[in-house]
Amino acid sequence: MVVDSKINSVVVLAGGVGAARFLRGLALVHDKQATTALVNTGDDTILHGLNISPDIDTVIYTLGEAIDAQRGWGLSDETWRAMESLKRYVDVRPTGSIAAPEWFNLGDKDLATHFYRTARRSEGADASQITSEIARAWKVAQRIVPMTNSDVSTVVELAQDCQAGKAGTQISFQEYFVKYQHSIAVRAIYFQGAETAKPNCINELNQADVIVIAPSNPIVSIGPIRALAGVDEVLTANRDKVVAISPIIGGHALKGPADRMLTELGHESSALGVARLYKNITSTLIIDTVDADLKDAIEREGMRCIVTNTVMSGQKISGELAQTTLDSIAR
Ligand code: FO1
């Protein structure tokens, strides 16, 4: 392990897959005990009465070397017997009942995590405590912290009439993402509960040597964290040590709906569009080599721009990206 002597604590603002891969790379070049991931929980949902935290679990399973690499979510070597058994109840479910939601796939091994989280919540434990217990169970040495201990829900407003409802209907993020495979147009995103929710890690952000905005969806992964009272102010005050990695490469997201969502919400789906969203809170933006021609335009927005390979197709590249990210602040 290489430990950069100038850098002690690193806080990473994190969504799901892209952030998890970045954190795995960071573990190769920076002390895990001095790394905190502040993770989006706007995607959290309750199904079958179970509390499910997809981004938290994606980060923990990835760092615990247990993620299903191909799907990017859930556990490897998973079985689906509970989901198969659920189908029996779909036919008897009364109209209007949301019991037996078979559109959201919960693997048999993954279910144990949701059982544990739900049981601990009913005992009164808060999200931070439960998350640290789950991380410990997976032998994850980094601090994994939910963005807040309060319930904040990302809600998506439909732009047009579609199978999910009429234009203007609001649906949960997981319905948008999983049930409708993010194939429906959106016209607004809300983070319900964010105004009154207390963010975690404000002190850690102020004290961090480097704050990384992971290559996650700027609207629905980083957006909920920024929507919590005081977070943008802390990032702005610490802008010199904030570095972001663009999740948009050649105008497209590697996974998920970030590119379409940016366009639908009036932003440019490019690394320059990402720069404009982050310019008040970020001093440095890292973009992929395919976007090298955007460097000058990004720097005209008032940020430094570093061009490198950001496609984390393997651990070596993730480690190199993490090193470049730390070096960009510690130079
Ligand atoms: N994503 C899917 O596309 N389909 C699923 O059925 C699905 C189930 C699932 C279960 C547990 C979990 O932690 C994540 C799951 N995801 C699934 C991924 C997840 O909902 C999204 O990738 C994130 O919310 C977006 O970051």
Side-chain angles (χ1 to χ4, degrees), residues 1-16 18-41 55-56 59-60 62-63 127-128 131-132 135 140-149 197-216 218 221-247 274-275 277-286 302-304 306 310 318-331:
M1 183 179 64
V2 182
V3 179
D4 194 315
S5 58
K6 282 181 280 187
I7 297 173
N8 183 22
S9 75
V10 177
V11 179
V12 180
L13 271 49
R21 289 196 179 146
F22 177 81
L23 283 159
R24 200 161 51 172
L26 187 61
L28 301 174
V29 299
H30 188 66
D31 186 357
K32 294 179 192 172
Q33 323 266 358
T35 300
T36 300
L38 185 62
V39 185
N40 169 41
T41 53
D55 283 355
I56 295 267
V59 166
I60 291 177
T62 302
L63 296 178
S128 293
T131 302
S132 78
V140 171
Q142 295 87 339
R143 261 190 88 210
I144 313 300
V145 185
M147 65 181 193
T148 173
N149 290 345
K198 185 172 170 287
N200 286 323
C201 291
I202 289 294
N203 287 344
E204 287 84 344
L205 286 168
N206 274 317
Q207 281 155 23
D209 297 302
V210 178
I211 300 170
V212 182
I213 301 180
S216 299
S221 297
I222 304 302
I225 308 176
R226 294 184 64 182
L228 301 170
V231 171
D232 250 26
E233 287 77 357
V234 170
L235 295 174
T236 306
N238 291 281
R239 186 178 179 274
D240 284 357
K241 60 188 193 192
V242 182
V243 47
I245 302 149
S246 172
V274 174
L277 284 169
Y278 287 158
K279 66 180 181 184
N280 293 335
I281 56 165
T282 306
S283 57
T284 306
L285 183 68
I286 299 182
M303 330 165 78
R304 280 195 327 124
I306 292 172
T310 66
S318 301
E320 285 164 3
L321 177 61
Q323 188 68 63
T324 303
T325 304
L326 298 185
D327 291 348
S328 75
I329 299 295
R331 79 215 137 97

- Side chains of P146 and I56 in contact at under 4.5 Å (non-hydrogen atoms): yes
- Message: Would you say Q323 and D327 are linked by a side-chain donor-acceptor pair, where the criterion is simply a distance under 3.5 Å?
- Response: yes
- Query: Which heavy atom in A322 sits nearest to a heavy atom in F22, and how many Å separate them?
  - Reply: CA-CE1, 3.6 Å
- Query: Taking the side chain as C-beta and beyond, is there a heavy-atom pair between R239 and M303 under 4.5 Å?
  - Reply: yes
- Query: Just wondering, do L63 and I144 contact through their side chains at under 4.5 Å, heavy atoms?
  - Reply: yes
- Message: Any heavy-atom pair between the side chains of L26 and V212 that's under 4.5 Å?
- Response: no
- Message: Main chain of G15, side chain of N40: is a donor-acceptor contact present, judged purely on distance under 3.5 Å?
- Response: no
- Go through the steps to decide whether L321 and T325 satisfy the test side-chain contact (heavy atoms from CB on, under 4.5 Å), and finish with yes or no. CA-CA 6 Å; L321 177 61; T325 304; 4.2 Å; yes
- Task: Working to the nearest 0.5 Å, report the span between CG of N8 and OG1 of T35.
- Result: 9.5 Å
- Query: Hey, does T62 have a side-chain heavy atom less than 4.5 Å from the side chain of L23?
  - Reply: no
- Task: Verify, without hydrogens or angle tests, whether K6 (side chain) and A330 (backbone) share a donor-acceptor contact under 3.5 angstrom.
- Result: yes
- Message: Would you say that V234 contacts N206 through its side chain, given a criterion of any heavy-atom pair below 4.5 Å between the two side chains?
- Response: yes
- For residues D232 and N280, determine if any side-chain heavy atom of one lies less than 4.5 Å from a side-chain heavy atom of the other. no
- Compare every heavy atom of A14 with every heavy atom of S216, then report the nearest pair and how far apart it is. OG-C, 4.2 Å
- Query: So how far is it from I281 CD1 to E233 CD, rounded to the nearest 0.5 Å?
  - Reply: 11.0 Å
- Item | Of I213, I222, T310, V274, the residue whose pairing with P247 passes side chain to side chain contact (heavy atoms under 4.5 Å, CB included) | V274
- Message: Can you confirm whether N238 sits close enough to L205 that some side-chain heavy atom of one is under 4.5 Å from a side-chain heavy atom of the other?
- Response: no
- Query: In Å, rounded to the nearest 0.5 Å, how long is the span from CD1 of I211 to OG of S283?
  - Reply: 9.5 Å
- Message: How long is the straight-line distance from OG of S9 back to CZ of R143, given to the nearest 0.5 Å?
- Response: 10.5 Å
- Query: Backbone N or O of A208 within a donor-acceptor pair of the K241 side chain at under 3.5 Å?
  - Reply: yes
- To the nearest 0.5 Å, tell me how far C201 SG sits from Q207 CD. 10.5 Å
- Message: Checking I329 against T284 for the side-chain contact (heavy atoms from CB on, under 4.5 Å) test, could you report, in this order, the C-alpha distance in whole Å, the side-chain angles of both residues, the deciding distance, and whether it holds?
- Response: CA-CA 8 Å; I329 299 295; T284 306; 4.2 Å; yes
- Could you check S128 against N149 for side-chain hydrogen bond (donor to acceptor under 3.5 Å, both in side chains), going step by step and ending with a plain yes or no? CA-CA 6 Å; S128 293; N149 290 345; 2.7 Å; yes
- Query: Taking it one step at a time, do V231 and I202 satisfy side-chain contact (heavy atoms from CB on, under 4.5 Å)?
  - Reply: CA-CA 7 Å; V231 171; I202 289 294; 4.2 Å; yes
- The reported gap from CD1 in I306 to OG in S246 (rounded to nearest 0.5 angstrom) is 13.5 Å
- Message: Checking K198 now: which residues fulfil salt bridge (Lys or Arg N to Asp or Glu O under 4.0 Å) with it, not counting sequence neighbours?
- Response: none
